[in-house]
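For ligands, and for the atoms within them, numbers begin at 1 and follow the listed sequence. Since the model is a prediction, treat every value here as computed from it, not as a measurement.
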Amino acid sequence: MNHGDLQTPINFLKGVGPNRSTLLQSELGIKTYQDLLQVFPNRYIDKTKYHTISQLERQSADVQIIGRITDVYEVDQKRGTRLVATFSDPTGSLDLVWFRGQKWIKKQLKAGSEYVVFGRVNWYNGRFSMPHPDMELSSEHRKGLRIKMQPVYPSTEKLSNRGITNRLMSGWVKQLLEELESPFKETLPKGILSSLSLIGKSQAMRQVHFPEDTTQLAKAQFRLKFEEFFFIQLQLLTKKILRKRKIKGFPFEQVGDQFHQFYKENLPFELTGAQKKVMKEIRADLGSKAQMNRLLQGDVGSGKTVVALMAMLLAIDNGFQACLMAPTEILANQHYNSLISLLVDMPIKISLLTGSVKKSVRKGIHEALEDGSLHILVGTHAVLEDKVQFKNLGLAIIDEQHRFGVAQRSKLWHKNERPPHILVMTATPIPRTLAMSLYGDLDISVIDELPPGRKPVKTAHRFDKNRLQVFAFLRDEIKKERQVYVVYPLIKESEALDYKDLMDGYESLSREFPMPDYQISIVHGKMKSEDKEYEMSRFVKGETQIMVATTVIEVGVDIPNASVMIIESAERFGLSQLHQLRGRVGRGADQSYCILMSADQLTQDAQTRLETMVATNDGFEIAEVDLKLRGPGDLMGTQQSGILALKIADIVKDNDILKTARYHALELMKLDPDLSAQENSNTRQTLDVLLKEKNIWNYIS
Ligand code: ADP
Ligand code: MG
């Protein structure tokens, strides 16, 4: 078999056939020979090690036992029957059990012959059983003992139910590797292979499936993990280079009157060092001929709004319009109001467009946008509607990007014949490791410094039984004229119960903090938007001391006088949510507090989350813990997890390899950006195939 034959559909492989190939494709995504070889073992087991039945523990995985079948029978069960074979060794007996494929298996089983069975055992009704074992005749097994480390391939329940055992899988892989005449093509440049002492592709592929020993295995894994990260980085870097070459942006060549006036007269504070640094990066982008595509990361309260505003002023100074989009109406409102107050006495026209803006007002906004008299549009998704046409949109800013889908972002992209510059702001710190691989084609700016004079929020974890003490603490804070948030979790799956908790909590607070001395606001998703606004505004004006809410206040709201954040059932929130919520306080000069209320019994993960919150205020540190707890897929949402479906590497565990790969990819692209040198031609070909497959998540397509 030739190398090119690796694209052969898997159903042609001996022993696979049409039914199994359908299963392999739906369960493990295996379509071709190559796909099969790229399903890497999860782990390896020592084939020379055997258990006796008397040695078994109640939950033993991957045990290998030598024995004989002494009895075979079928047992009726609710649906169909199950096949049971009694399997004995000199120390005892257990049941081998099949729920599917009984007929075929029954025919194969040779009572009396010696077998080696392999699998997981369960303890059930006082007896050990091994469902759907991998089994071989002892004679066969001995022949195969040249293999010291047996690969264990990923499987699914469906696969093992349908008789696609690990033995079959490894048999297919072995067969393929043996039939393959020409070695695997090397994909990495010689220079990198030698400077990192990497083993070749062919050797790595063979050793990863059937390692000679642990040293060889480690070398093979390192090489393949490196290769995987390396090509992701190359794809991201190539995209970035292409974007910069091909997509022309609007050059904002001058820093004009509006920017200067704002800086001199209106800016109410000195910018922090981090804000200045980020402004410089943005100005460099906007002033160049390429289109800006920048991610601005900054923890809650780090002062992203004023950076956004100054970027918009640059657009206006160069005769362009700008827009600022937020994920919720409350947040859009708040942005609108802060921009209005920051721009006081400046000749800049700014409007707010949300779902609840009246038709008549809307019409005026549309007209002013089209004739160019409106400079800045602030809004929610409403901004994306087709009816909303700009005269010349030069800069689009998106706040809190994780709430917007890719499709929506690309709509913005198409609002002009030339794409506007794009600045995406996020307060959810993305761990550096993840940002590197996900956003490698974007430029990233980080505001890593809070404005001066902020006191870090003090965080404590309290149990429900300490509630009275917590109330006493609240009373003291309110006496000092501070305001308090009490936040409840609300998720779709348990919505009814969650609302009940919220209303119960509201009632008990109302008893503890009765009118007229105390006033309480409540805001939740079932309220009409004008009622929400009304309740919010009472709290903003200081007419109420306590705001009871679901997570609708999670993003962005800025009320400096609020100094206590109580999070109810905190164990039910994710780390990034907890961090976002805590960011609602600590915005004024007073000492602020965050109290995490929870039940007594906590899962290990919940315990870690709460401990992390108590231990640190650093959003990046919290994001790293979150990444470790949840894994990258969950963290970024399913939509973005595709790229993280890595075949062999693990973003968290193999972080050092990722860094090495990124470094070498950058170096290579610096020397030979088109990979046109002869010694890079294999790398170029591999990259071209990957780019054609479009398996890299398109940030804005
Ligand atoms: P976020 O990054 O969470 O959007 P904001 O832009 O809302 O943060 O800023 C939080 C608060 O900090 C606002 O009240 C803002 O006026 C204030 N602020 C921003 N930059 C500075 C600064 N350099 N010095 C002092 N206060 C600042
Ligand atoms: Mg903000």
Side-chain angles (χ1 to χ4, degrees), residues 262-282 294-313 323-344 352 376 378-380 397-404 423-430 444-457 483 485 536 540 542 551-563 565 576-590 592 594 617-620 622-623:
F262 176 78
Y263 203 85
K264 282 201 207 104
E265 320 266 333
N266 284 43
L267 186 60
F269 36 67
E270 170 92 9
L271 292 181
T272 63
Q275 284 169 321
K276 284 184 190 159
K277 175 195 72 187
V278 161
M279 264 325 288
K280 222 188 230 165
E281 290 164 353
I282 292 173
R294 189 170 276 281
L295 181 71
L296 173 58
Q297 291 199 59
D299 220 335
V300 270
S302 62
K304 294 185 290 295
T305 314
V306 71
V307 170
L309 173 58
M310 290 168 72
M312 292 196 280
L313 292 175
C323 79
L324 171 57
M325 280 205 323
T328 65
E329 211 157 294
I330 292 177
L331 192 56
N333 261 310
Q334 175 136 5
H335 273 313
Y336 177 70
N337 291 326
S338 30
L339 293 186
I340 294 268
S341 73
L342 283 165
L343 289 171
V344 68
L352 176 69
I376 296 177
V378 179
T380 53
I397 300 181
I398 305 170
D399 196 6
E400 311 287 358
Q401 56 89 211
H402 63 292
R403 302 249 165 156
F404 286 102
L423 182 68
V424 178
M425 304 196 292
T426 173
T428 310
I430 298 160
I444 302 181
S445 291
V446 181
I447 306 184
D448 51 5
E449 176 188 358
L450 292 181
R454 298 264 173 83
K455 292 195 183 76
V457 180
Q483 289 168 287
Y485 292 107
M536 278 304 287
V540 173
T551 43
V552 287
I553 59 159
E554 186 186 332
V555 269
V557 189
D558 192 5
I559 301 169
N561 191 50
S563 66
M565 167 65 65
S576 72
Q577 251 182 327
L578 290 172
H579 180 63
Q580 289 284 320
L581 285 169
R582 178 167 61 184
R584 299 304 105 213
V585 297
R587 303 198 147 213
D590 303 321
S592 293
C594 174
N617 279 302
D618 181 337
F620 282 99
I622 289 170

For Thr272, the ligand 1 atoms with a heavy-atom partner under 4.0 Å come out as 23 (N)

Is there side-chain contact between Arg582 and Ile622, with heavy atoms separated by less than 4.5 Å? yes

Any nitrogen or oxygen of Leu271 lying under 3.5 Å from a nitrogen or oxygen in ligand 1? Just yes or no. no

Please verify whether a non-hydrogen atom of Gly301 lies at under 4.0 Å from ligand 1. yes

Non-hydrogen atom of Val307 closer than 4.0 Å to ligand 1: no

Using a 4.5 Å cut-off on heavy atoms from C-beta on, say whether the side chain of Leu342 contacts that of Phe262. yes

Side chain or backbone of Asp399 under 4.0 Å from ligand 1, or both, or neither, by non-hydrogen atoms? neither

Can any side-chain N or O of Arg584 pair as donor or acceptor with the backbone N or O of Tyr485 at less than 3.5 Å? no

Mark yes or no for whether Lys277, through its side chain, and Ser445, through its backbone, hold a donor-acceptor pair below 3.5 Å. no

Is the backbone N or O of Gly303 less than 3.5 Å from a side-chain atom of Gln275, with the two atoms forming a donor-acceptor pair by type? yes

Specify the closest pair of heavy atoms between Val378 and Tyr336, including all atoms of both residues, with the distance to one decimal. CG1-N, 4.0 Å

Taking 4.0 angstrom as the limit and counting only heavy atoms of Glu270, give me the atoms of ligand 1 inside it, by number and element. 22 (C), 23 (N), 24 (N)

Decide whether the shortest distance between a heavy atom of Arg454 and an atom of ligand 1 is less than 4.0 Å. yes

Could Lys276 and Glu270 be called an ion pair, given the rule that one side-chain N must be under 4.0 Å from one carboxylate O? yes

When you look for heavy atoms under 4.0 Å from ligand 1, do you find them on the side chain of Met425, its backbone, both, or neither? neither

Tell me, do Leu271 and Met310 make a side-chain contact under 4.5 Å, heavy atoms counted? yes

Give the atom numbers and elements of ligand 1 that come within less than 4.0 Å of a heavy atom of Ser302. 2 (O), 8 (O)

State the atoms of ligand 1, each with its element, that fall below the 4.0 Å cut-off from a heavy-atom position in Asp299. 2 (O)

Does an N or O from Gly303, backbone or side chain, lie closer than 3.5 Å to an N or O of ligand 1? yes

Should you measure from each heavy atom of Thr305, which atoms of ligand 1 turn up under 4.0 Å away? 4 (O), 5 (P), 6 (O), 7 (O)

